[in-house]
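What follows is a short report on a single structure.
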Amino acid sequence: ASLIANATAQALERARLFRETRQRADELAILFESSQAITAALDLPTVLQSIARQLVAAVNATSAYVLAFDAEKGIATLLAEFFGPEANELERVSDLGAKYDLTEVPQTLRALRAGRPWSTLLSDPRADAAAAEQLRAFGGKSTLRVPMLAGEGTRGYVTIWDSRLERVWTEDEIRLCQIIANQAASAIEKAALFEAERRRADEAETLRAAGSAVAASLRKDEAIERILHELARVVPYDSASVQELRDGYLEIVGGHGWKNPAATVGLHFPIPGDNPNTPVILERQPLILGRAGEKYPELLSE
């Protein structure tokens, strides 16, 4: 009997070790795939959808969503989603780019700001009422939300749904989802850096082209047109003007986007004076003026 018991214990231990080894191998395969997706692509929507797909596979869920998060406003924005074959029709009703006010889901907002995972079971009496109602509305029974952490900040979060059963998410599942979520945060940071570099390159090229255009032109009106054309590549506008500083005033010498160009060219703005041009000239600094038409209604006539 003792020999049988020992043999049984050894067999069970070998089975346990085999399961753990197989589980670890599956996890490594999933993590490798998500790393490859981030390395191989700069198309952020494609990368994030791939990560959502890997989340579904990692924990055998029915659907997964990736959302950006504005901590100051408490607003989440849906960036990507993936539906497994068992996802119900309600789960599939989503809208990429949709915004969600998390101030209406306080438990979710607190956990996200704290940078920790949190889950909701439909039958849990302690669950946030708004989160439980969301589960009911989309036919879910349990959900796990995991923050996407990068450096010191939270870039957003992933939500993994199960519409088949109420499940208590294990520590291993949460750990694996956290690693994948952080890879999503890295993808967002990588895309942001790439976009910033592209924008700087575009700006540098625009400045070079504008400088060359002005230097190459001997006619004032042609130089103004080229400046306005290059400006639109950097800052798309509804209307823009070029103003020349004269003795005590600025004069509009050209522009685009006016209702009545003939009446606008030649307008004067005293310097100093009660106009938005004064601080720009006197302080030699750019000025961003919100709701300009309310403070300076005469600008609307341009």
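Here, residue 1 is the first one in the sequence, and each next residue gets the next number. Atom set for the values below is all heavy atoms of this structure, side chains included, hydrogens, waters and symmetry mates excluded. Only a predicted model underlies this, so the values are computations on that prediction, with no experimental measurement involved.
- Remark: Glu244 CD to Tyr249 OH distance equals 8.5 Å, nearest 0.5 Å.
- Across every non-hydrogen atom of Glu81 and Ala52, the tightest pair is C-CB, 4.0 Å.
- Classified by interplanar angle (parallel below 30°, tilted 30° to 60°, perpendicular above 60°), the ring pair Tyr65/Phe83 is perpendicular.
- Under the 4.5 Å side-chain heavy-atom criterion for ILVMFWY residues, a single connected hydrophobic cluster contains both Ile174 and Val66.
- Taking 4.5 Å as the limit, every side-chain heavy atom of Pro117 sits out of range of all side-chain heavy atoms of Trp169.
- Here the CD-CZ distance, from Glu72 to Arg113, works out to 9.5 Å after rounding to the nearest 0.5 Å.
- Taken together through direct or relayed side-chain contacts under 4.5 Å among Ile, Leu, Val, Met, Phe, Trp and Tyr, Val146 and Val47 form part of one hydrophobic cluster.
- No donor-acceptor distance shorter than 3.5 angstrom exists from the side chain of Asp95 to the backbone of Ala98, with no hydrogens or angles considered.
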* Test side-chain contact (heavy atoms from CB on, under 4.5 Å) on Val280 and Gln243 and set out the steps. => CA-CA 12 Å; Val280 174; Gln243 304 177 27; over 6 Å; no
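- Side chain of Tyr237 to main chain of Leu228: a donor-acceptor pair is present (N/O by atom type, distance under 3.5 Å, no hydrogens or angles).
- Judged purely by atom type and a 3.5 angstrom limit, Thr62 uses its side chain to pair as donor or acceptor with the backbone of Ser163.
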* Asked: Is there a side-chain hydrogen bond (donor to acceptor under 3.5 Å, both in side chains) between Thr103 and Asp101 once you walk through the steps?
  -> CA-CA 5 Å; Thr103 61; Asp101 185 357; 2.5 Å; yes
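- Ile252 contributes atom CD1, which lies 5.0 Å from atom CG of Leu267 (distance to the nearest 0.5 angstrom).
- Taking the ring centre of Trp118 as origin, the terminal cationic atom of Arg116 falls outside the region bounded by 6.0 Å and 45° from the ring axis.
- Hydrophobic clustering (ILVMFWY, side-chain heavy atoms < 4.5 Å, transitive): Ile75 and Leu96 are in distinct clusters.
- Here the CD atom belonging to Glu133 is positioned 10.5 Å from the CZ atom belonging to Phe138, to the nearest 0.5 angstrom.
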* Intermediate values then yes/no, side-chain contact (heavy atoms from CB on, under 4.5 Å), Cys177 and Val59 -> CA-CA 8 Å; Cys177 289; Val59 293; 3.6 Å; yes
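- No side-chain heavy atom of Thr77 sits less than 4.5 Å from a side-chain heavy atom of Leu67.
- Taking a cutoff of 4.0 Å between a charged side-chain nitrogen and a carboxylate oxygen, Glu173 and Arg175 do not qualify as a salt bridge.
- Contact detail for Ile224 and Gly254: the closest heavy-atom pair is CG2-CA, 4.0 Å.
- Residues Leu79 and Pro45 have side chains not in contact (no heavy-atom distance under 4.5 Å, counting atoms from C-beta outward).
- Of the listed residues (Val56, Leu135, Leu144), just one forms a side-chain contact (heavy atoms from CB on, under 4.5 Å) with Trp161, and that residue is Leu135.
- Closest approach of Ala61 to Ile160, counting heavy atoms only: CB-CG2, 3.2 Å.
- The main-chain N or O of Thr278 is found under 3.5 Å from a side-chain atom of Asn275 such that the two form a donor-acceptor pair.
- Considering only heavy atoms from C-beta on, Val158 stays 4.5 Å or farther from Ile180 through its side chain.
- The backbone N or O of Asn88 lies less than 3.5 Å from a partner atom in the side chain of Glu91, making a donor-acceptor pair.
- Taken from CG in Leu250 to CD1 in Ile281, the straight-line distance is 4.5 Å, to the nearest 0.5 Å.
- With hydrogens and angles disregarded, no donor-acceptor distance shorter than 3.5 Å links the side chain of Ser63 to the backbone of Gly84.
- Annotation: side chain of Glu225 is in contact with side chain of His256 (closest heavy-atom distance under 4.5 Å).
- Of all the heavy atoms in Gly74 and Leu109, the pair that sits closest is CA-CD1, 4.1 Å.
- The shortest non-hydrogen separation linking Pro147 to Asn182 is O-OD1, 3.9 Å.
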* Check against side-chain contact (heavy atoms from CB on, under 4.5 Å), Leu102 and Phe69 -> CA-CA 9 Å; Leu102 298 186; Phe69 174 59; 3.8 Å; yes
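- Ion pairing between a basic and an acidic side chain is recognised when a charged N comes within 4.0 Å of a carboxylate O; Lys141 and Glu166 show no such pairing.
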* Asked: Please walk me through it: do Leu112 and Arg145 pass side-chain contact (heavy atoms from CB on, under 4.5 Å)?
  -> CA-CA 9 Å; Leu112 186 57; Arg145 294 177 174 88; over 6 Å; no
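- Taking CG of Asn60 as the reference point, atom CG of Asp162 lies at 7.5 Å (rounded to 0.5 Å).
- For Leu122 against Arg136, the heavy-atom pair with the smallest separation is CD1-CG, 3.5 Å.
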